Undergrad: 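After the structure tokens below, expect a handful of questions from me.
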Amino acid sequence: MYNVKSKHAEEFIDHQEILDTLAYADANKTNAELIDSIIEKAKLRKGLSHRDASVLLACELHDRNEEIFALAKRIKEDFYGNRIVMFAPLYLSNYCVNGCTYCPYHMKNKHIARKKLTQEEIRNEVIALQDMGHKRLALETGEDPVNNPIEYVLESIKTIYSIKHKNGAIRRVNVNIAATTVENYRKLKEAGIGTYILFQETYHKESYEKLHPTGPKHDYCYHTEAMDRAMEGGIDDVGCGVLFGLELYRYEFAGLLMHAEHLEAVFGVGPHTISVPRLKRADDIDPDAFDNGIDDDTFAKIVACIRIAVPYTGMIISTRENQKCRERVLELGISQISGGSKTSVGGYADGTLEDDDVTEQFDVSDTRTLDQVVRWLMERGFIPSFCTACYREGRTGDRFMTLCKNQQILNCCHPNALMTLKEYLMDYASPETRAIGEALIEKELEKVTNPKVKEIARRNLAEIEKGSRDFRF
Ligand code: SAM
């Protein structure tokens, strides 16, 4: 039944193919010869099939695992350099008609405070986010056709893009809302969204149906085929992910890569990003009630294997993970992280909201401010980037992928990242963070080998220093 180009979820995510893949990976987990040949293939930096990548994930040979981690690190450096893109989630509404058993927004939760932001409240949230220094948001809502119809999401996007507070601006709005129709995806595209993000939660159909017992999200095929509809609606940057902890991680890993292969086969472009959320404690949700939790070592191995399997796909980690865990996976393939996040509706404008805790979607493990996260990244040698230039210049979908696959990202993005960091340092950073940042920019600028690019970057940095904010990052 497996058919990568099929339009049917159960054919491009074929259960039997996943089981066969897992059996193959298990049978070869100590097969040094095969593992070496896959590592050699991976070194070509063209990615790996779900079968090959699953063997690496299952590999039990210590020295080969060390090689896998080292290769993931090298690939990350080659494709992304030391830039880390910053973003924050913005929760618009926690009204939801679904019955997801792992999410506190589920309809049966009667004691969680339900809240939907008005456009005025969205303004206040966005101003608070701009005042932190954020330029890129991920919009989040529960699924509720009455309270959160597409018109509400579209109006909110318009509001967000319209707000210019001091030097602030939200330059890219990514959207994480429930699976919808081609027509609605088209409207989102017209509203100027960046990436459309939708987590699969689990690729295992039977588990999926149990975990989503009621509501529109119960429909596995409709959910799994959402990215196809999004692409048909003209959105060429889509963000996939699974919620680790719900099902066996090896199953999810193979499913995730099959999904990426499917999008690439049908639309010529794989997912723009992959997120790796892990199930967290939340209002009436106890993660220990789920059997498939993964430890930090396994989590790191998953990140490394995804990096090797789809080198050109960005990888996102949220504040669900603590500082220590984030530190580890940043080295292995993560290219985007959130900072200073609130997962409650209205949590940014008024951090002291009394109902703050009870509208929260999940417990945040990394509670540091954006300034602290930026400083920490720089101290570890990373460049926090607030750049959205690709999207603003129309380099999305396959145009972005071509840039990435040719390893051009580094040439084009490195100076842009430095300039957006400079803007951040000037406008929002604490004096200590700014001092570290200025030194880092000087050092990183020296790495630019093209004298013309270096000269332009220097000139632009000087303009930013003088107060200009006219650049299209
Ligand atoms: N409602 C939209 C949907 O159905 O896809 C997406 C928005 S939801 C706010 C974003 C994601 O949070 C979900 O896709 C899910 O993976 C994740 N999530 C839900 N409950 C969680 C929990 N207890 N811990 C960690 N992540 C959770």
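For ligands, and for the atoms within them, numbers begin at 1 and follow the listed sequence. Computed from a predicted model, the values in this text were never measured in an experiment.
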Undergrad: Any luck finding a side-chain donor-acceptor pair between Arg320 and Ser318 under 3.5 Å?
TA: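 Distance-only check passes for Arg320 and Ser318.
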
Undergrad: So, does His218 use its side chain to make a donor-acceptor pair with the main chain of His212 at under 3.5 Å?
TA: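 Present.
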
Undergrad: Could you tell me if the ring centre of His134 sits under 6.0 Å from that of Tyr348?
TA: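 No, they do not, as the ring centres are separated by 6.0 Å or more.
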
Undergrad: Can you figure out which of Arg320, Glu201, Arg278 has its heavy atom closest to atom 17 (C) of ligand 1?
TA: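 Shortest heavy-atom distance from atom 17 (C) of ligand 1: Arg320.
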
Undergrad: Is Leu243 touching ligand 1 with its side chain, its backbone, both, or neither, if touching means heavy atoms under 4.0 Å apart?
TA: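 Under 4.0 Å from ligand 1, Leu243 contributes side-chain atoms alone.
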
Undergrad: Which of the numbered atoms in ligand 1 are below 4.0 angstrom from a heavy atom of Leu198?
TA: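 Atoms satisfying the 4.0 Å criterion: 5 (O).
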
Undergrad: With the threshold set at 4.0 Å, does a side-chain nitrogen-carboxylate oxygen contact exist between Asp296 and Arg328?
TA: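 A salt bridge is absent here (no side-chain N lies under 4.0 Å from a carboxylate O).
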
Undergrad: For Asn292 and Leu246, indicate whether the former's side chain and the latter's backbone hold a donor-acceptor pair under 3.5 Å.
TA: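 It does hold such a pair.
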
Undergrad: Does atom CD of Glu183 have more than 12 heavy-atom neighbours from other groups under 6.0 Å away?
TA: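 Open: at most 12 neighbouring heavy atoms sit under 6.0 Å from CD of Glu183.
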
Undergrad: May I ask you to identify the nearest protein heavy atom to atom 6 (C) of ligand 1, giving residue, atom name and distance to one decimal place in Å?
TA: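 I find the closest protein heavy atom is Asn176 OD1, 3.4 Å.
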
Undergrad: Should the proximity of Lys280 to ligand 1, defined as any heavy atom under 4.0 Å, be assigned to the side chain, the backbone, both, or neither?
TA: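 For Lys280, the contact with ligand 1 is made by both the backbone and the side chain.
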
Undergrad: Looking at ligand 1, is there an atom of it that comes within less than 4.0 Å of some heavy atom belonging to Thr141?
TA: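 Yes; Thr141 lies near enough to ligand 1 that a heavy-atom distance drops under 4.0 Å.
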
Undergrad: What I want to find out is whether Lys217 reaches Glu201 closely enough, with some N-O distance under 4.0 Å, to be called a salt bridge.
TA: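 Result for this pair is yes, salt bridge flagged.
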
Undergrad: Just go through Glu143, His223, Gln361, Lys217 and tell me whose heavy atom is the nearest to atom 3 (C) of ligand 1.
TA: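 Comparing heavy atoms across Glu143, His223, Gln361, Lys217, the nearest one to atom 3 (C) of ligand 1 lies in Lys217.
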
Undergrad: Just which atoms of ligand 1 are under 4.0 Å from any heavy atom in Cys103?
TA: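 Counting from 1, the qualifying ligand atoms are 19 (C), 20 (N).
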
Undergrad: Is Asn98 close to ligand 1, meaning an N/O of one under 3.5 Å from an N/O of the other?
TA: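 No, since none of the N or O atoms of Asn98 sits under 3.5 Å from an N or O of ligand 1.
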
Undergrad: How close does the nearest protein non-hydrogen atom get to atom 21 (C) of ligand 1, and which residue and atom is it?
TA: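 Minimum-distance protein heavy atom for atom 21 (C) of ligand 1 reads Tyr102 O, 3.9 Å.
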
